[in-house]
Amino acid sequence: STFTNETGGIFNVNVTDTFSDIAGTGTFSNAGTLNKTSAGITDINTIFNNTGTVNINNASGTLEFGRGGTDTGDYVVTLGTLSFDSGGTFSTRNLNSGSSITGAGAMNVSNFSYTVNFNAGSDYNLTDGLTISDGVVNYSTGTITNLTNLNLTGGTLQGSDDLNVTSAFTFGGSTSDAILRGSGTLTTNAGVTTTLATNATSGPDAYLNDTRAWSNFGTVNWATTINNGLILNGTSTFTNETGGIFNVNVTDTFSDIAGT
């Protein structure tokens, strides 16, 4: 089955419960405007395709997508959070040319089975930050992508874009490995503080894979109490640039930076 919010149509989510959902095996297509103005979590757990506009405008509100879809429209996160969590069902969201995720809000990807692809011609610009605790986010837009408050605690951040971190960066610290891979350069700018591989559980590490480069002009604090490290694989490189600071404050009896 399909529900289509046609061009000019308005679909308002004003549910005041802490959790609400649209579910099933069908498809929700939005060519008009979908507004999430209430607090709490609203889960759209069907295939969702957006050629219109999705607005999130409540600081305590989360609009969560549990299945994949294809987009050429816009997600405007003025306040609140846009979340992708498939609950174990493998799902892919393709943001194609003309689509965008912008605003003063935040974006979360929190399940291993969800992949978000920013394809050529799409745009990302959220000022409250990106959190990846599991799953995959791929930036291959063809331009430089600016990331504010990047939290890559688990999962994978990949793609061909150069990535510019303009505020705090957390790399590692979850119960699973955090992986930064692909091509291009991730730059942590002057004034950016990076927290590296801080975890109370031995095992999960922060990985720099493939040909991805990381250039640090800010401050990196490696301050774990257990042997969690930075692993450089493939032909990846980490460069502590002129003016960059790398602090080793590990209190475990052994710590390492390793790789090929």
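Position 1 is the first residue of the sequence, and the numbers go up from there.
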Distance check, rounded to the nearest 0.5 Å: N30 atom CG versus D74 atom CG?
10.5 Å
Distance-only donor-acceptor check, side chains N111 and D134, under 3.5 Å:
no
How would you list, by chain and number, every residue that makes a side-chain contact (heavy atoms from CB on, under 4.5 Å) with A23, sequence neighbours excluded?
D21, N45
Can you label the angle between the F28 ring and the F48 ring as parallel, tilted or perpendicular, going by 30° and 60°?
tilted
Side chains of residues 58-66: which donor-acceptor partners sit under 3.5 Å, not counting sequence neighbours?
from, atom 1, to, atom 2, distance (Å)
N58, OD1, S60, N, 2.9
N58, ND2, T37, O, 3.0
E64, OE1, S83, OG, 3.4

Linking Ile, Leu, Val, Met, Phe, Trp and Tyr by side-chain heavy atoms under 4.5 Å, what else ends up with I245?
none
Ring pair (Phe, Tyr, Trp, His ring centres under 6.0 Å) filter on F246, not counting sequence neighbours, yields F238
Testing the 3.5 Å rule here: is there a donor-acceptor pair between the side chains of T237 and W214?
no
By salt bridge (charged side-chain N to carboxylate O under 4.0 Å, His left out), D43 pairs with (sequence neighbours left out) none
Between S110 and D85, is there a side-chain donor-acceptor contact under 3.5 Å, judged purely by atom types and distance?
yes
If you take all heavy atoms of N149 and D128, which pair is closest and at what distance?
ND2-O, 3.9 Å
Distance in Å, L152 CG paired with Y207 OH, rounded so as to fall on 0.5 Å steps
13.0 Å
T70, D71, T115, N117 screened by side chain to side chain donor-acceptor pair (under 3.5 Å) with R93, the one that passes
D71
Taking only residues two or more places apart in sequence or in another chain, which ones pass side-chain contact (heavy atoms from CB on, under 4.5 Å) with T145?
Y124, Y139, T141, L147, D161, L163
